[in-house]
Amino acid sequence: MSDTITTLHALKEHLYAAMQLEHATIPPYLTALYSIKPGTNVDAVQVIRVVAVEEMLHLTVAANLLNAIGGTPDLTRPGFVPSYPAHLPDGETDFKVSLASFSKETLAIFKKIERPRLAPGSQKLVKRLYRGSVSVLASYPGASDMQYYSIGDFYAAIEDGFDRLEKEANAAGKTIFIGDRKRQVTSEYYYSGGGELFPVIDIESARSAIRLVMEQGEGAGGGIYDHERELAHYYRFDELDRERYYQPEDRPGHPTGPTFSVDWQAVYPVKPDLKLSDIDGNKNPELYEAALSFNQTYAEFLGQLTLAFNGQPQLLLQAVPRMFEFRNLMGDLIRNPLPNHPGQYAMATFEIGDKELVRGVAIEEAQA
Amino acid sequence: MSTKDHSHHFLAFSTEVSAFATFELWATGQVEAYLATVTAAVGDEILNELLFTYEKICLETEGQPSSKRKARLRREIFGSEKLGPVARNIIKLWYVGTWYELPTAWFEAFGVRSKDVTFVVSPAAYAEGLMWKAIGAHPAGAKAPGYGSWASPPRIPAFAGEHANAQVKEVQVNRNEGLAK
């Protein structure tokens, strides 16, 4: 079953899933990044920051792809932000992605997220069963028990889908690229965001966009650098793991650049996958309120991005300062000891959805 | 008073005198560093005296209007020749991340200590100074607010004035826990 995307609807749903997938990596990367104590681990901070920024670029590229074929990016759809830990595919098995502090274990998961890997045969989809409440990323839209073998296969299926559907449309004298060009986000609206953003308007630009996402993550066709001569995410994380930089012409797994050291102790140990319900709002109203208002601000931010991806790209310029605010708010939470959990710290819970509806009630309770 | 009690009382006192919530003090990431700074600069004994005096005032004014507590703080801590300069230094520490050498009259009366010199506690302490939050700005050269953000007016948080009163309840709760130990 290599022809997995045969309708325009399925392609749109896959691109929505791609946006969801690209976004889903951002909270874990940011949590690890801001758990590092200020002034320490400058190499690790730089590596994780670059990767996080490029994931934001990928999110935008996925929105461009969806807009190109007349889709409607919606980051406010319930379930867009997964409930952590979320499941991601990794060949025969899968793995959990958590919101956690920077550590050897967290880094191992990050490497799994970006690992270059494709299904050995033509079978891209594998069948898996999950409990209903589990967030499964890169599953086949509309058939949550079918999951792609790897993230690479997921994007390969999308590229095949574009090719097939455009060929079919062309044969009928049509095209699938019917999207409003003004909805395309280009570099002028995207400040220093980890790469060049070009409009997706035809099959060539669509292929380039997909390639950009795949190469920045996993490397170009087995190489460690992408076409812009930038190190792929997997190998950036590998550098942290090995405490040594890659340089051009290095083989995967054998960096020969300068060494550096990682201080694994200079980290605030947050409670992994903290939920708002783990914080007693009566005893710790300030902490509870800060965690709650982060979620609400983040939900508003996703609403703003949705507008930006639906014909108002200039809104992205305002989103930049907002992201710096998130850095400060997340840092504030991560440096607060978590009451009743000795030795563990708080963090942003990224519970986006029904939780904010109870905001008013929760505040009243906290004040009572 | 063990170090653990120290940090507990130090936080309660700092919350009272900085007018920031305890959450905000932890958020600076500087609690341990500042406690160590004060301890080194004035010694355990004087810091203990300051924190015990604060605890006593809280106990004895419990249930009374906050103006009573504030008046006694002013008289018995900020008006004290010994404790006043230390208390003021703790406020400055939170706001600018710098320990200022105590006045000559103070160390002539209460002893010279080698760590009582003017210094910025750390680069992070500079960036985490509460004064930046108080004025709704970012520390120059650190914590950049993002491209284009200068086009918007600063957003000054609403904590000034009587906000400190809202924390009285919490300070008392902490103090009771402290006594139970």
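Lettering follows sequence order; numbering is per chain, from 1. Computed over heavy atoms, backbone and side chain alike; hydrogens, waters and symmetry mates excluded.
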For this session: Kindly determine whether Asp332(A) and Lys133(B) satisfy side chain to side chain contact (heavy atoms under 4.5 Å, CB included), including the steps that lead there.
Result: CA-CA 12 Å; Asp332(A) 287 356; Lys133(B) 280 193 175 170; 3.1 Å; yes
For this session: Please check if atom CD in Glu81(B) has more than 12 non-hydrogen atoms from other residues, nucleotides or ligands closer than 6.0 Å.
Result: no
For this session: With a 4.5 angstrom heavy-atom cut-off, could you sort out which part of Thr28(B) is near chain A: side chain, backbone, both or neither?
Result: backbone
Problem set entry | Value rounded to 0.5 Å, distance of CG in Asn336(A) from CD in Glu24(B) | 8.5 Å
Exercise. Does any heavy atom of chain B fall under 4.5 Å from the side chain of Asn284(A), the backbone, both, or neither of them?
Worked result: neither
Exercise. Which region of Gln318(A), side chain (C-beta onward) or backbone (N, CA, C, O), has a non-hydrogen atom less than 4.5 Å from a non-hydrogen atom of chain B, or is it both or neither?
Worked result: neither
For this session: Determine, stepwise, if the pair Arg327(A) / Lys143(B) fulfils side chain to side chain contact (heavy atoms under 4.5 Å, CB included).
Result: CA-CA 9 Å; Arg327(A) 172 197 62 188; Lys143(B) 276 195 162 184; 3.8 Å; yes
Exercise. Checking heavy atoms, do the side chain of Pro123(B), its backbone, both or neither come under 4.5 Å from chain A?
Worked result: neither
Exercise. Would you say Lys182(A) has more than 12 foreign heavy atoms packed within less than 6.0 Å of its NZ?
Worked result: no
For this session: Could you check which of Ala127(B), Gly146(B), Ala124(B), Ser122(B) has the highest count of heavy-atom pairs closer than 4.5 Å to chain A?
Result: Gly146(B)
For this session: Find the distance between CZ (Phe23(B)) and CG (Leu333(A)) and round it off to the nearest 0.5 Å.
Result: 4.5 Å
For this session: Take atom CD of Gln64(B) as the centre, draw a 6.0 Å sphere, and report whether it contains more than 12 heavy atoms from other residues, nucleotides or ligands.
Result: yes
Exercise. Crowded around Lys275(A) NZ? As in, over 12 foreign heavy atoms under 6.0 Å?
Worked result: yes
For this session: Please name the pair of heavy atoms, one in Phe324(A) and one in Ala144(B), separated by the smallest distance, quoted to 0.1 Å.
Result: CD2-O, 3.0 Å
